[in-house]
> 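After the structure tokens below, expect a handful of questions from me.
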Amino acid sequence: MRILPLACLVAALAASASAGAKTWDLPAAPQTVAWGHYDASDKPVLVVRSGDIVVMHTLLTNSPNGLAKAGVAPGDIQAELRAVFDGVPASARGPGGHILTGPVAIEGAEPGDTLEVRILKIDIDIPYAYNAFRYGAGFLTDDFPYARMKIVPLDRAKMLGRFAPGIDVPLRPFFGSMGVAPPPAFGRYDSAPPTINGGNMDDKALVAGTILFLPVHAPGALFEAGDGHAAQGNGEVDITALETSLTGTFQFILHKGEKSPYPRAETPDAYIAMGFDDDLSNATRKALRNMIDFLVTAKGMSRDDAYMLVSVAGDVEVTELVDRNKGVHVVLPKRLFTGKQQSPAPSLTATGTIR
């Protein structure tokens with residue numbers, strides 16, 4: 001499977017429309033969110049077909065009271081956020097804290113398939129973000145044994161976060177959490193630690209124009225997204241990014257019988273393999289092995305050559321350190337592959353048919 005550049009993604013959108021694919025709008029409301037979990041037993045709030053496009057509205061992970069205490073004016077707190085806090089019963093919340101929109105079921109998806117999620121567009125919905133830390137969370141908990149929250153104005157025209165006088169942070173919005181339901185045996189899985197279903201990966205490379213590949217573990221796949229970030233550094237060391245509300249435009253492509261062992265992604269310029277574990281060394285081993293497996297399977301390389309190539313041309317990066325399961329991703333530039341040594345990748349139509 002190969003990624004399409006952003007211009008081609010837009011063309012694919014148009015091609016899908018002409019082929020009969022639908023575009024759906026999914027608001028964030030008490031009836032359309034999964035609060036703090038991924039769960040194979042959850043009922044989908046929307047069912048779509050492969051090739052369909054869904055505009056998903058999401059909410060930041062904070063409460064109206066928390067935002068007000070930090071200085072956000074009452075009129076700037078989203079009515080949708082208030083409605084969700086008022087309308088989602090306690091029994092439907094947790095064990096995590098993220099407000100995720102979904103789940104969205106893809107018709108025909110079954111365990112053993114792969115779901116391709118094309119991130120076509122990401123919009124920032126509100127003119128501010130927050131960053132916060134608290135004692136007992138984050139990476140340097142003993143150094144900061146107290147709590148603090150900072151509201152950061154967002155200049156959406158210039159795509160800058162006004163962090164402090166003389167300090168501007170470039171905005172590159174992405175969803176901290178995108179995933180499918182885990183295997184049914186996981187039960188109601190906490191939205192905080194990323195694992196084989198994706199979830200709270202906090203990978204800042206997953207911006208518009210990137211494609212995410214997720215293994216399907218439950219009928220319908222049951223995709224959810226949330227935890228919007230306007231910007232983030234690798235590591236997310238204090239446990240939050242520039243947390244804000246985002247709207248994502250996703251196209252879902254189902255690959256029948258193409259089992260993926262682990263989430264991976266492709267940017268226009270690179271392949272990305274991921275690894276998650278509560279031990280950072282084990283997370284790194286998983287990410288490396290997943291990249292090696294990808295090179296063997298997709299590029300026809302020997303395991304020895306794949307291991308060597310990652311060492312001489314790949315980058316091992318810490319995604320996040322603060323979600324119990326640490327995240328590591330391995331990035332390998334696509335420019336390394338001239339087409340002379342690799343096996344040709346399959347070409348995908350807008351509806352996911354391989355040709």
Side-chain angles (χ1 to χ4, degrees), residues 1 16 19-56 58 88 91-96 98-119 175 177-191 193-201 211-227 248-265 274 276 290 348-354:
M1 293 178 285
S16 294
K22 293 183 178 180
T23 297
W24 306 82
D25 190 84
L26 183 61
Q31 301 79 20
T32 61
V33 299
W35 190 314
H37 60 267
Y38 290 86
D39 191 337
S41 68
D42 278 352
K43 300 298 183 184
V45 301
L46 177 66
V47 179
V48 303
R49 293 182 175 181
S50 179
D52 282 358
I53 293 159
V54 181
V55 180
M56 295 181 70
T58 72
V88 177
S91 61
R93 304 182 185 187
H98 302 97
I99 301 172
L100 304 172
T101 301
V104 174
I106 290 76
E107 191 174 293
E110 299 173 314
D113 299 338
T114 291
L115 180 65
E116 175 183 341
V117 183
R118 297 178 178 178
I119 307 169
F175 292 90
S177 191
M178 291 185 289
V180 294
F186 280 46
R188 183 187 279 192
Y189 184 75
D190 191 328
S191 64
T195 186
I196 56 174
N197 70 313
N200 191 33
M201 297 177 287
I211 295 181
L212 176 64
F213 297 93
L214 295 167
V216 176
H217 302 286
L222 302 181
F223 179 84
E224 298 172 7
D227 188 28
T249 302
F250 304 102
Q251 185 178 33
F252 299 104
I253 307 295
L254 181 62
H255 299 276
K256 294 294 298 177
E258 294 188 18
K259 185 176 181 180
S260 298
Y262 220 82
R264 72 172 186 88
M274 305 176 187
F276 310 115
N290 288 330
L348 301 177
T349 69
T351 56
T353 304
I354 298 177

> Distance from I99 atom CD1 to E224 atom CD, nearest 0.5 Å?
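The distance works out to 12.5 Å.
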
> Restricting to non-hydrogen atoms, name the atom on A105 and the atom on P44 that form the minimum distance, rounded to 0.1 Å.
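Nearest pair, atom of A105 first, then P44: CB-CB, 3.6 Å.
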
> Could you check whether any side-chain N or O of N197 sits under 3.5 Å from a backbone N or O of V180, counting only pairs where one atom can act as donor and the other as acceptor?
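Answer holds: yes.
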
> Would you check if E116 and H255 make a side-chain contact, meaning some heavy-atom pair closer than 4.5 Å?
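Yes - at least one pair of side-chain heavy atoms lies under 4.5 Å apart.
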
> Salt bridge (Lys or Arg N to Asp or Glu O under 4.0 Å): which pairs involve residues 39-50, sequence neighbours left out?
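Non-adjacent pairs meeting salt bridge (Lys or Arg N to Asp or Glu O under 4.0 Å): R49-E107.
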
> Of I106, L26, I53, which meets side chain to side chain contact (heavy atoms under 4.5 Å, CB included) against V48?
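Of the listed options, the one satisfying the test is I106.
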
> Flag the pair L222 / Y38 as yes when at least one side-chain heavy-atom distance between them is below 4.5 Å, and no otherwise.
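Not touching, per the 4.5 Å side-chain cut-off.
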
> Where do R264 and F213 land on the side chain to side chain contact (heavy atoms under 4.5 Å, CB included) test, with the steps shown first?
CA-CA 5 Å; R264 72 172 186 88; F213 297 93; 3.7 Å; yes

> Between D113 and K256 (salt bridge meaning N to carboxylate O under 4.0 Å), is one present in this structure?
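Here D113 pairs with K256 in a salt bridge, since their nearest N and O are under 4.0 Å apart.
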
> Answer whether the closest heavy-atom distance between the side chains of P215 and P261 falls below 4.5 Å.
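The answer is no; the side chains never approach within 4.5 Å.
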
> Where do V88 and R93 land on the side chain to side chain contact (heavy atoms under 4.5 Å, CB included) test, with the steps shown first?
CA-CA 7 Å; V88 177; R93 304 182 185 187; 3.9 Å; yes

> Would you confirm whether T249, through its side chain, and V55, through its main-chain N or O, come within 3.5 Å as a donor-acceptor pair?
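Flag not set: sc T249 to bb V55 has no pair under 3.5 Å.
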
> Can you find a pair of side-chain heavy atoms, one from W24 and one from F250, that are under 4.5 Å apart?
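No. Closest side-chain heavy atoms not under 4.5 Å.
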
> Would you check if M56 and F223 make a side-chain contact, meaning some heavy-atom pair closer than 4.5 Å?
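They are in side-chain contact.
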
> Answer yes or no: is there a donor N or O on one side and an acceptor on the other, between the side chain of N290 and the main chain of M274, under 3.5 Å?
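Indeed, once roles are kept as given, a pair shorter than 3.5 Å links the two residues.
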
> Look up atom CG in L254 and atom CG in L115, then write down how far apart they are to the nearest 0.5 Å.
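With rounding to 0.5 Å, CG (L254) is 6.5 Å from CG (L115).
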
> Which value, rounded to the nearest 0.5 Å, describes the distance between T114 atom OG1 and L212 atom CG?
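Those atoms lie 11.0 Å apart.
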
> For F276, enumerate each residue passing the ring-ring contact (aromatic ring centres under 6.0 Å, His included) test, keeping only those at least two apart in sequence or located in another chain.
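With neighbours one apart ignored, the set is Y262.
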
> Would a 4.5 Å heavy-atom cut-off, applied to side chains only, mark W35 and L100 as touching?
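No, every pair of side-chain atoms sits at 4.5 Å or beyond.
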
> Is the shortest side-chain heavy-atom distance between L214 and V117 below 4.5 Å?
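Yes, close enough: below the 4.5 Å cut-off.
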
> With no hydrogens and no angle check, just 3.5 Å: does a side-chain donor-acceptor pair link S191 and H98?
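A donor-acceptor contact under 3.5 Å links the two side chains.
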
> Give the minimum heavy-atom separation between A181 and A218, together with the two atoms involved.
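Residues A181 and A218, closest heavy atoms: CB-CB, 4.1 Å.
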
> Just so I know, are the side chains of P193 and N200 near enough to count as touching, which here means a heavy-atom distance under 4.5 Å?
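No, every pair of side-chain atoms sits at 4.5 Å or beyond.
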
> H217: which residues meet the side-chain hydrogen bond (donor to acceptor under 3.5 Å, both in side chains) condition with it, sequence neighbours left out?
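For H217 there are no side-chain hydrogen bond (donor to acceptor under 3.5 Å, both in side chains) partners, ignoring immediate neighbours.
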
> Would Q31 and V45 satisfy side chain to side chain contact (heavy atoms under 4.5 Å, CB included), going step by step from the backbone distance to the final call?
CA-CA 8 Å; Q31 301 79 20; V45 301; over 6 Å; no

> Q251 vs D52, test: side chain to side chain contact (heavy atoms under 4.5 Å, CB included). Steps then yes/no.
CA-CA 6 Å; Q251 185 178 33; D52 282 358; over 6 Å; no

